[in-house]
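The block underneath contains the structure these notes are about, expressed in structure tokens.
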2 protein chains.
Amino acid sequence: MTDPEPTHDIEAVFREKGIPFTRQRRLIWEFFAGADRAATIGEAADALRGDGVGQATVYRAVILLSDLGLLARVQDRRGEICYTAPTIGHSHPLICGVCRRVVRFDGDGDVKELEARLSAATGFSIYGHHLEVYGICPDCRRDGGAGG
Amino acid sequence: MTDPEPTHDIEAVFREKGIPFTRQRRLIWEFFAGADRAATIGEAADALRGDGVGQATVYRAVILLSDLGLLARVQDRRGEICYTAPTIGHSHPLICGVCRRVVRFDGDGDVKELEARLSAATGFSIYGHHLEVYGICPDCRRDGGAGG
DNA sequence: AACTGGCGTGAGAACCGTTCTCAACTGCTG
DNA sequence: CAGCAGTTGAGAACGGTTCTCACGCCAGTT
């Protein structure tokens, strides 16, 4: 939608795996990558209906993109499941609970150390983690915080 | 199911708020508190059907308990939504992705510092976070790790 | 250029988890 | 015991997700 740059990397990921990067998949990816906030699958389907992208296709593509690590699942304040495109590499979302704007940050240094301690203490072999931080962004705070 | 002790604290929480701690709510609470692993609402409903607890009641009670901070929502490896009773105070779950056993830990020191940095950097007013760590517990590793 | 096979897609039905509705019930208070 | 407010259970309704299957697109072949 806005920035065509990241799309090229994505195409390479698909090509590497031998998965076709179809028109629909491109549109779906661009919807999430071009948004500055997390969006639900329903929102993506609504937005792309006019482009001739079916609902089932959106579901399938989101699963595919998630599997490839190209979309991350997050929750808004009401617990609704949304998706957002991570920047390259591992990062965590700071989500505005009101407007769902997402700012990504790298908090892995903090978590890796914690994971090592946990692994030693519990004997679990740790394979991942999920960290989201919730806040209200400056814009929403200015607007009263309760607005959409 | 196992430890009757924590139930007393819960009753106090309900009484403080003037919310009736009914037989059904007690059973539902005991189901989650007595389990050493996270369970879905459906599992709770199945388990308590024989005790004459309706499905709708389980849903309502889980929402109530979550609102009171007495149940925490987590996800297993397949992304399924489960609930688990936190220990007193704020803690985070280390979840076995295979059997859903939950070990709770206090990782707030690590996160609080991160939150302060984020707040300063982004201008967000931070109201919460969600941290889950995923691993395979020693038992499941011994059993092959892929089972369950 | 036409044919063929394989995969992705779209429409709509099916499925299933969650919520809603409403009458019956329970536990209080007087 | 009567009256009241809040809770509950059964089943219907709802809505999001998945499934089914015929169709279309593309690449490779003739």
Side-chain angles (χ1 to χ4, degrees), chain A residues 7 10-11 13-32 38-68 70-84 100, chain B residues 10-32 38-68 70-84 100:
Chain A
T7 309
I10 299 306
E11 266 192 79
V13 172
F14 273 78
R15 204 172 313 116
E16 249 172 52
K17 309 250 176 186
I19 300 170
F21 192 56
T22 63
R23 185 183 72 88
Q24 288 87 342
R25 286 172 182 170
R26 174 189 295 276
L27 284 168
I28 292 160
W29 162 252
E30 284 175 351
F31 175 84
F32 286 103
T40 64
I41 292 182
E43 286 163 1
D46 285 349
L48 299 173
R49 186 165 301 133
D51 297 315
V53 179
Q55 188 185 37
T57 302
V58 177
Y59 275 93
R60 285 184 284 230
V62 167
I63 290 170
L64 180 61
L65 288 164
S66 299
D67 285 351
L68 294 172
L70 303 173
L71 280 185
R73 185 160 83 164
V74 301
Q75 289 175 32
D76 71 6
R77 203 173 193 175
R78 297 201 310 272
E80 214 163 356
I81 304 294
C82 306
Y83 291 84
T84 178
R100 298 203 302 231
Chain B
I10 299 305
E11 266 193 80
V13 173
F14 274 77
R15 204 170 316 116
E16 249 172 52
K17 308 247 178 191
I19 300 169
F21 192 57
T22 62
R23 185 184 72 90
Q24 288 87 343
R25 287 172 181 168
R26 174 189 295 275
L27 285 166
I28 292 160
W29 162 251
E30 284 174 351
F31 175 83
F32 286 102
T40 64
I41 292 182
E43 286 163 359
D46 286 348
L48 299 173
R49 187 165 301 134
D51 296 315
V53 179
Q55 188 184 35
T57 301
V58 177
Y59 277 93
R60 285 184 285 229
V62 167
I63 290 170
L64 179 60
L65 288 164
S66 299
D67 285 350
L68 293 173
L70 302 173
L71 281 184
R73 185 159 83 164
V74 302
Q75 289 175 32
D76 71 6
R77 203 173 193 173
R78 296 202 312 273
E80 213 163 357
I81 305 294
C82 306
Y83 291 84
T84 178
R100 299 204 298 233

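Chain identifiers are assigned alphabetically (A, B, ...) following the order of the sequence lines, protein sequences preceding nucleic acid strands; residue numbering begins at 1 within each chain. Keep in mind the model is a prediction, meaning the values are calculated, not measured.
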Interatomic distance, B:Leu64 CG vs D:dG6 P [rounded to whole Å]: 14 Å
Integer-rounded Å distance: D:dC26 C1' and A:Gln24 CD: 13 Å
Rounded distance (Å) that lies between atom C1' of C:dG17 and atom CZ of B:Arg73: 13 Å
Inter-end axis angle, the helix from C:dA1-D:dT30 to C:dG30-D:dC1, with every axis fitted to five base pairs (rounded, 10 degrees): 20°
Residues forming a side chain to side chain donor-acceptor pair (under 3.5 Å) with B:Arg23, sequence neighbours excluded: none
Value in whole Å for how far the P atom of D:dC26 lies from CZ of A:Arg26: 13 Å
Please list each protein N or O that sits under 3.5 Å from an N or O in nucleotides 16-22 of chain D, with the distance.
residue, atom, partner, partner atom, Å
D:dT17, OP2, A:Tyr59, OH, 2.2
D:dT17, O5', A:Tyr59, OH, 3.1

From B:Arg25 atom CZ to B:Glu11 atom CD, the distance as rounded to the nearest 0.5 Å: 13.0 Å
B:Leu68 side chain reached by B:Ile10 side chain, heavy atoms, under 4.5 Å: no
Results of side-chain contact (heavy atoms from CB on, under 4.5 Å) for A:Tyr83 - residues two or more places apart only: A:Phe32, A:Ile41, A:Val62, A:Ser66, A:Leu71, A:Arg73, A:Ile81
Side chain proximity check, A:Phe21 to A:Arg26, heavy atoms < 4.5 angstrom: yes
Flag side-chain contact, heavy atom, 4.5 Å: B:Thr57 against B:Arg60: yes
Steps toward side chain to side chain contact (heavy atoms under 4.5 Å, CB included) verdict (B:Arg49, B:Asp46): CA-CA 5 Å; B:Arg49 187 165 301 134; B:Asp46 286 348; 3.1 Å; yes
Under 4.0 angstrom between A:Thr22 side-chain N/O and C:dG8 OP1 or OP2: no
Minimal non-hydrogen separation, A:Ala39 against A:Phe31, with atom names: CB-CE2, 3.5 Å
Point-to-point distance, once rounded to the nearest 0.5 Å, from CG of B:Leu64 to CH2 of B:Trp29: 11.5 Å
Nearest-Å distance for atom pair CG/C1', residues A:Asp51 and C:dT9: 15 Å
Spacing of A:Glu43 atom CD relative to D:dG15 atom P, expressed in whole Å: 16 Å
B:Gln55: side chain to side chain donor-acceptor pair (under 3.5 Å) partners, not counting sequence neighbours: none
CZ on A:Arg100 to OG1 on A:Thr84, rounded to 0.5 Å: 10.5 Å
Atom-pair distance (CD1 on A:Ile19; C1' on C:dG8), nearest Å: 12 Å
Nucleic acid footprint by protein, nucleotides 24-30 of chain C - heavy-atom cut-off 4.0 Å, B for base, S for sugar-phosphate alone: -------
Length of the CD1-C1' vector between A:Ile28 and C:dG10, whole Å: 12 Å
